[in-house]
Amino acid sequence: MKYWLFKSEPESYSIDDLKRDKKTFWDGIRNYQARNFIRDNIKKGDLVLFYHSNADPNAVVGVCEIIKEAYPDNTAFDPESKYYDPKSKNEEPTWFMVDVKFKFKFKKPVTLQEIKNNSKLKNIRLVHRGNRLSLFPIDKNEYEIIIAMSEK
DNA sequence: GCCAACGTTGGC
DNA sequence: GCCAACGTTGGC
């Protein structure tokens, strides 16, 4: 089993939206590196830290679990969708998505500042300079440190 | 709202 | 295949 961090802007989809919906499809990934993680590496049962970006404060706010592995992101086929990509064809889709289900919301969000201040987390991609990937893998111990920080 | 970082596009 | 221009992300 692997561990991931997914970013979402709470204005478009927050941890509370996921809590309400119980599960959702993670659509709109339009970056090849993120696409490769989704298509090739993300497996059912993997755990995902849910991160609020462009938020106040920016923070990891909860955990969800992968319940369905990569399948074509059909918003790419829909000219009405903001994620429409005419280069993605039904018979050979460019973009994929996964389904996640809500696990739990942190009692206390773990803010970006706290993560930056924790020397044990200095290698997490979240704090790398210029990191713009919307999802990426994290180590098991990084996952566990952040969970522990949310319980303090 | 600004702007650094960086991925993508398209002309050559 | 190079690289300038452009668009987007996301922290501040």
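These numbers were taken from a predicted model, which means no experiment stands behind them. In the text below, chain A, chain B and the rest are named by the order of the sequence lines, each starting its count at 1. These values consider heavy atoms only, across backbone and side chains, with no hydrogens, waters or symmetry-generated copies.
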Check whether the ring centres of A:Trp4 and A:Phe37 lie less than 6.0 Å apart, and answer yes or no.
-> yes

Toward the 5' end of DNA chain B, which comes first, A:Lys87 or A:Asn131, by nearest nucleotide?
-> A:Asn131

Provide, to the nearest angstrom, the distance between the NZ atom belonging to A:Lys82 and the C1' atom belonging to C:dT8.
-> 13 Å

Atom CG of A:Asp56 and atom P of C:dG11 are separated, to the nearest Å, by 12 Å

Take the protein atom OH of A:Tyr32 and the nucleotide atom P of B:dT9, then report the distance between them rounded to whole Å.
-> 6 Å

Using a cut-off of strictly less than 4.0 Å, decide whether A:Tyr51 has a side-chain nitrogen or oxygen near OP1 or OP2 of C:dG11.
-> yes

Examine C:dT9: is either OP1 or OP2 under 4.0 Å from a nitrogen or oxygen in the side chain of A:Lys7? Give yes or no.
-> no

Rounded to whole angstroms, how far apart are CZ on A:Arg30 and P on B:dG7?
-> 18 Å

Does A:Asp73 pair with A:Arg30 as a salt bridge, N-O distance under 4.0 Å?
-> yes

Hey, is the side chain of A:Asn58 poking within less than 4.0 Å of OP1 or OP2 on C:dG11, counting only N and O atoms?
-> yes

Rounded distance in Å - CG (A:Leu133) to P (B:dA5) = 17 Å

Between A:Tyr32 and A:Trp95, ring centroids under 6.0 Å = yes

Here the distance between atom C1' of C:dG10 and atom NE2 of A:His52, to the nearest Å, is 15 Å

In whole angstroms, the gap separating P of C:dG10 from NE2 of A:His128 amounts to 15 Å

Using atom CZ of A:Phe136 as one end and atom P of C:dG10 as the other, report the distance to the nearest whole Å.
-> 9 Å

Kindly say if A:Arg132 contacts the phosphate of C:dT8, meaning a side-chain N or O under 4.0 Å from OP1 or OP2.
-> no

Residue of the set A:Ser8, A:Ser14, A:Ser12 for which side chain to side chain contact (heavy atoms under 4.5 Å, CB included) holds with A:Pro10 | A:Ser14

Hey, would you say the A:Trp26 and A:Phe6 ring centroids sit under 6.0 Å apart?
-> yes

Would you kindly compare A:Asn54 and A:Gly130 by the position of their nearest DNA chain B nucleotide and give the one closer to the 5′ end?
-> A:Asn54

